[in-house]
Structures are given as structure tokens and as C-alpha cells.
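First the structure, in the form of C-alpha cells, and then the observations on it.
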Amino acid sequence: GLEEGAKNQFSTFSNSITTINQKKEDIGNRNSPTQLVIPNIKNGRDLPALCLDVRQKKRMSMDALPQELKAPIPPEPSLPIRTKTVKDFQDDMEKSKASGDWKAVHNFYSTTFDSFLEINAAFKKDTNSPFNTIEDSGIDAKFVNVVYDALLNTPQDVQKSVLKGIINGLLQEWTGPRTKDDLRAYCILLQNPQFSNTSTYVIYAHLLRQIAALTEADHHFLVHWSKKISQKRFKQVVDRLLQFISLRLFPAKPEEFPPMVKCTWWIPSATKVLALFNAANSLISPPIISYTDFYNSTLDHIDLMEEYHNWQCYGNSHRFSFCQYPFIISIAAKKLIIQRDSEQQMISIARQSLVDKVSRRQKPDMNMLFLNVKVRRTHLVSDSLDELARKKADLKKKLKVTFVGEAGLDMGGLTKEWFLLLIRQIFHPDYGMFTYHKDSQCHWFSSFKCDNYSEFRLVGALMGLAVYNSITLDIRFPPCCYKKLLSPPIVPCDHNALVGICGVTLDDLFQIMPELAHGLSELLSYEGNVFQEEFGVIKSYNLKPNGDKIPVTNRNRKEYVQLYVDFLLNRSIYKQFAAFYYGFHSVCASYALLLLRPEEVEILVCGSPELDMSALQRSTQYEGYQKTDLTIRYFWDVVLGFSLDLQKKLLHFATGSDRVPVGGMADLNFKISRSETSTNWLPVAHTCFNQLCLPPYKNKKELRQKLIIGISNAEGFGLE
């Protein structure tokens, strides 16, 4: 990194830096962000919208681009001739380290980074080739990596010369559209490891501002070029941007940076550039890095509801909000937004019910503030269906469940058991609504036609109620289901609009029916002639008009496979899934769903199936016991030695669910309390409080025996 001398040097740059891009002040300003939506460009694949607008979701097409974006590509200026190779540079570095004379290395760095033209002269693979397509940036990535890896090991004056050169490049007056050489320079400069140091942040911020302010067409090139960066370098750039945002929000040394009022554009600019890398990441399958690597946990500590309301009220037109870029918001933060949004809706609905009662001069009743569901265990599905159908207007109230003939009071535990038993019954193979696929260990919608799809609507409503009431469910749907559930994320006003239809591929089918998907994959890769009758396919449906008269051939086999996959995952189950979709959104309708990826919806609904009992041990609270007491030590010795099945039973016994919530085991607030009853008694659980009452058993064998009996017979509630 750079020492005090470097900081002093940077202070001398400040006057010149402040002149960079003054004319673009309104573009980078936090209160006036630019919407970065990638246009449809002929020789490129469509990119996802970079910025999420709650009010406007249209994509720009090439026809909608301003005239200047359709202008011919400006000619590239001629580049200086530079002949230094990777080997030459490495030899210079070795000589400098041995002799202590860094003149040759200093000259190389100061010349190379002095301007965008010099950057291209050094790092362009062939200075005579234009490299003006998205397929190849023309950057010699190996040379760039070697030069940057060596940079932080050079003397301070060498490192300062690089930063001076970057400032020169950023101060250049731009008289027309950017050339591809300019974009190459931006791509190279973003990888500079010096920008990990906070003392370089002023320069880094101006670099980010210029990149954020580029045209949509230029962003298109940067996105496609960025996806060619190695995983290691790609992750470093992403981490650098996230760190920049975090330290600008919560600086360790506020005096290091200009006052926030003078650099409100820093965070929006960095977030927009991060959006380019997120778009690049989404174009690769599998992605370069996990989508969770874009999360910035620092945002968990800001006022997210203010961000959410700004986004709802202003969209993209007036002020910046992180909700415009949901990829940066962690799943924990999104869950908080959804919970708060749900609570506000619950309060609003309950308040309206109260006002209606008072206006009719009726006596208010506390039950009117809740969605009260009364069911018989012997008629669980039919009673639940009737209750939810009769109480559609109350679905957004707090849920309370009563089992007829039982004395349990619902403080959360009865609700959890109602969900568990209902899901278990509905998904049973004998019930016929869902088909369980052993190979993929997941359920999928039965394609059998029926007269009434209300039970599919019930399952959707159950999932919605679970998210709305922060309950995790043991449902095993494939990822494709959650993608369909967000297609679209907001229920369309047009009742004739299709819902639950999404683009599906062979990869989606692999997650449900791997054997069938493998067979179709073999069909695509088979090198001989392909005829439909050779595969013995019995066709009951036309995949396209007159499809029964069209044989599968080498020429049309891709179309056949795509239509078949679409039929299985979309068309054949449309009515079932549409009912399921409307059931879910009847409870969960919220703009907050726009923030979620399909994978995140799955985590919110199901939690995580991966149990970490050691993490549970670390976060457990005790009442009447100390963690060093012999009974507690026996307990954890036994539990940590349990099979996964018994550990799940314990979790279900104590909490009402065998799944781990979004925040991990710590979010369970699990408590073990001392029970002063006889040691002949079994353990008792208060699932509404995630509390286990444990008698002080005398030895480990007795504790293990009683615990297994208790957790293996854990259905039903009673009051002492």
C-alpha cells in the first residue's frame, strides 16, 4: 500500500481532480441517478436490466436509442508503438530488485499509465487490429496481470507515477463518443489493485463516475468484456467496489474523505459499475462467482425501509436507492424489508377492520385483528381450504390457528404445526396433486386435468402465508418453480395475461427429471440421423400445430427438445401453476418481491436444510442451567452424535420446523430451560418460544433415551 508520503502527494492532486467531469455532476449525483438499461445490440446477447425501476420495467431496444448511439463507430487514433513483452518486463523487475535501480521499471509504469492511448499501446494484443466486437476485448490479460501483481512491490515513487498518469487520463477533455480504446483503458484501470487503498479513493471515485456515465452501448461492451476476466481478478474487482461503498457509508477515518455533501455521487457511481459486473456474471452459466458474493452486509446497518420507500415513491427519476440494485442487498436484509412491509400491511388491514366496526357502531373484538383458522385434524385439508376461501379479506392479518377439540393456545407453535401437517398431507403421493421424483428428490405439479384447481391455490396461499408470517416450510420444489413464481413478480392487472410462464431450458428439466433430460441431451448430441420412431416416443400432444405429422430430424431436433421442455414445465401444468401463483400472490403481493432472485424466494420459503448443530450450541441461551453444567454437557455430546435424521427431529420438536431460517441457527433464539419435574419425565418443548425444557437427567444414557423418545413422538399440543 501507500504510506504517508503518498497521502501528501494525493492532497496536491485535489485541485485538479475536482475539475474532472464537472459537466456531468447531475449524472453521478445521488439525487439524480442514471438508469442503466442495456439496449438490444445486434451482435450481442441480451443483458438483464442493470437498474430496477419499480414503476418502469420496459427494456430499451435499438430503435429507442438516441441518435448519437446509432452513429458510426468513431475511428481509433493511431497508437504509439510499444514492443515490451511480458518476458522483457519480468527481466526488468528482476534486475531492479537485484540492483536497486528502478529507473527502467519507473519509466515503463509512468509511460504506460500516462494516457488511455499509452495503456492501449502497452496492453492491446495487436495495435493494428480494431477489436471492436463484444467477443474479444483485445486486452493481453496475462500482461495486465503481471504488471499489476508487480506494482505493489515497487517503490512509492513508481506507484505515485501510476496514479499521476491515471489522473492525466481522467482529466482528458472528451469531444465525442468514447472509442473502443477508451473502453479498453477503463476495463484495465478497474483492475488496478492500488484502488484497495482508501488514500486512492478520490481518484477511484472519479474513474467510477466516468464509467457509470458511459452510454448504454458502451456499457454493453464493458459487460461482455468483463465476463472474460479470470475468476480471481473478477472477484477482486467486485470486492474492491463493495469495500469502497462500505467505507464511504461508514468510514473508519472520516477525515480521509471529502465531506459526504460534496461527494454524494460516489456511492451511486460505484453501485452502477458493480451492476455491470453483476450483469456480466449473470451471462455465464455457471456464473463466474456466486450471486451472494455481490451482497454487501454493511447495508444491513442502514435504514433499509427508507431506501425501500424512496424506491417505491420515486422509482429511478429523483433519487438513488439501493433497492434499484437489489443484487447488492443481502437475503437477511431483504427478509427484513419483506417482514416490515408485511407488518405495515397487517397493521393497515387490522386498523381498517377496526374503523369499519366502529363506524357501524359494533363492539370491537380482538379476533378481528387476526386471520383465525379453525381446523379439525381429521379434515385438515378441506377445513383449511374452506377457512382460507371464506376469509380472503383477512389473509394479510396475523395468522392464528386453532385445532378443534384441543386446548393449545397459538403463540406460534400451533401455526408451525398446522403448516407442517398440511404440507405433509398435500404432498403425499396418494393425494395426487404433486409427483415426487426420486432421482431429484423434489416434487413437481401433476399434469392430470381436474375440475377444480382450488387446492393448488391453497398450496400457493400456504407458501405466501409462510413468507408473510416468517415460517419456514419443508417443501422440496426445484429452482424452476421459484423462477415461475416470479414470472412476473407483480400480478398483472390484465386478468387474461399469462402468469407463471418463464423461459425454461434442459438444465431446468435436469433438476426435476434427470433421466428424461439426459435422454433429450443424448438426442441433441447424437451424430447419426435422428428419427422420431427410433426412440419409441408416444406422442399424445402436439408440441406445435400439426406436430404429429412432423418427424424429428437432425434439422429440427433442437426445436423439438425446447418445445418438449416448455410443454413439461409450462404448458402441461399451466392451470395448476396459475392457481398456485395466484394463491401465493394473494398473500404476498408486494413490490418487495421485485428485489428477490428465485433462489432467495426458495430460502425465504424453505429456509436452509443444512444443519450446523455446533452453531446452534454456540448461540443457545440457558435458563436454570449454565452451559458448563453436567446435564448440558451430556445434552450436547448426545445431540452432536445424533444422525442427521435425529437432529432434524430435535429441531422440529423444539421449534416446530426442521429447517434453518435465513439468519442461520442464531436466528432461532433457541433456549434450554431447567425443568424441575421428575427425571422420569420426557423433555417438553414450547415451540412458540423455541424452548426446550430439560429435566436434570443423572447420566448421558438416560438423557439420550428420553430425548429420542420425546423427539420421535412429537405431534399434538396440550396444556398442563
Side-chain angles (χ1 to χ4, degrees), residues 377 403 406-408 411-421 423-424 441 471-476 606-720:
R377 286 185 185 272
F403 285 99
E406 296 185 22
M411 301 297 288
L414 289 174
T415 295
K416 289 180 183 178
E417 193 188 21
W418 176 69
F419 275 114
L420 189 78
L421 298 178
I423 292 297
R424 186 184 298 169
Q441 297 184 331
I471 304 290
T472 54
L473 300 179
D474 187 10
I475 293 180
R476 292 177 176 86
C606 305
S608 170
E610 297 179 8
L611 305 189
D612 184 350
M613 301 310 279
S614 295
L616 182 64
Q617 180 183 12
R618 290 192 296 272
S619 61
T620 296
Q621 304 166 36
Y622 300 97
E623 190 176 83
Y625 281 120
Q626 301 291 329
K627 65 180 180 180
T628 54
D629 288 348
L630 202 54
T631 302
I632 297 302
R633 282 157 49 197
Y634 288 156
F635 174 82
W636 288 114
D637 284 349
V638 167
V639 169
L640 294 175
F642 272 169
S643 65
L644 179 61
D645 184 55
L646 282 176
Q647 288 179 345
K648 286 190 171 186
K649 284 184 176 180
L650 170 65
L651 201 62
H652 169 234
F653 175 73
T655 70
S657 171
D658 63 0
R659 313 282 286 195
V660 182
V662 169
M665 288 294 198
D667 264 18
L668 285 173
N669 295 317
F670 182 58
K671 180 187 285 186
I672 299 178
S673 299
R674 184 186 183 97
S675 173
E676 297 300 342
T677 57
S678 166
T679 54
N680 293 325
W681 283 46
L682 298 175
V684 174
H686 300 293
T687 53
C688 41
F689 303 116
N690 295 342
Q691 183 178 13
L692 178 69
C693 298
L694 195 66
Y697 297 115
K698 296 174 184 176
N699 55 62
K700 189 188 298 186
K701 182 180 178 181
E702 183 183 17
L703 186 148
R704 187 177 193 279
Q705 181 186 25
K706 295 286 172 60
L707 188 59
I708 291 176
I709 293 172
I711 65 178
S712 301
N713 299 273
E715 199 167 290
F717 281 75
L719 289 178
E720 296 176 3

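- Between the side chain of Tyr625 and the backbone N or O of Leu694 there is at least one donor-acceptor pair closer than 3.5 Å.
- Once rounded to the nearest 0.5 Å, the distance linking CG of Leu611 with CZ of Phe642 reads 13.0 Å.
- Checking Lys700, Arg704, Lys701 one by one against Asp637, the salt bridge (charged side-chain N to carboxylate O under 4.0 Å, His left out) holds for a single residue, Lys700.
- Side-chain atoms of Asp629 never come within 3.5 Å of backbone atoms of Ile632 as a donor-acceptor pair (strictly under, hydrogens ignored).
- Gln691 contributes atom CD, which lies 3.5 Å from atom OG of Ser673 (distance to the nearest 0.5 angstrom).
- Of the inter-residue distances, the one linking Leu703 atom CG with Thr631 atom OG1 reads 7.0 Å to the nearest 0.5 angstrom.
- Put simply, the side chain of Leu650 reaches to within 4.5 Å of the side chain of Met613, judged on heavy atoms.
- When every heavy atom of Ser678 is checked against every heavy atom of Pro695, the shortest pair comes out as O-CB, 4.0 Å.
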Discussion item. The test is side-chain contact (heavy atoms from CB on, under 4.5 Å); show your working for Leu668 and Leu651 and say whether it passes.
Written reply: CA-CA 10 Å; Leu668 285 173; Leu651 201 62; 3.7 Å; yes
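- Nearest approach of Trp636 to Ile672, heavy atoms of both residues: CZ2-CD1, 4.2 Å.
- Minimum heavy-atom separation, Pro683 to Phe653: O-CZ, 3.5 Å.
- Proximity of a side-chain donor or acceptor of Lys416 to a complementary backbone N or O of Thr655 within less than 3.5 Å is detected.
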Discussion item. What verdict does the side-chain contact (heavy atoms from CB on, under 4.5 Å) test give for Tyr697 and Phe635, after you've listed the backbone C-alpha separation in whole Å, the side-chain angles of each residue and the deciding distance to 0.1 Å?
Written reply: CA-CA 10 Å; Tyr697 297 115; Phe635 174 82; over 6 Å; no
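- Between Met665 and Ser619, the closest heavy-atom pair is O-OG, 3.9 Å.
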Worksheet entry | Worked verdict on Leu646 versus Leu707 for side-chain contact (heavy atoms from CB on, under 4.5 Å) | CA-CA 10 Å; Leu646 282 176; Leu707 188 59; over 6 Å; no
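- Atom CG of residue Leu682 and atom CD1 of residue Ile711 lie 11.0 Å apart, to the nearest 0.5 angstrom.
- Rounding to the nearest 0.5 angstrom, the gap separating the OG atom in Ser712 from the NE2 atom in His652 is 11.5 Å.
- Side-chain N or O atoms of Lys706 include one that pairs as donor or acceptor with a backbone N or O of Thr679 at under 3.5 Å.
- Summarising the geometry, atom CG belonging to Asn699 is positioned 9.5 Å from atom CG belonging to Leu630; distances are rounded to the nearest 0.5 Å.
- Heavy-atom minimum distance, Ala685 versus Ala654: CB-CA, 3.9 Å.
- A donor-acceptor pair is defined here as one N or O able to donate and one able to accept, closer than 3.5 Å; no such pair exists between the side chain of Asn690 and the backbone of Asn669.
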Fill in: side-chain contact (heavy atoms from CB on, under 4.5 Å) assessment of Tyr622 paired with Lys627
CA-CA 7 Å; Tyr622 300 97; Lys627 65 180 180 180; 3.5 Å; yes
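- Contact record, Pro696 with Ser675: CD-O, 3.3 Å, taken as the closest heavy-atom pair.
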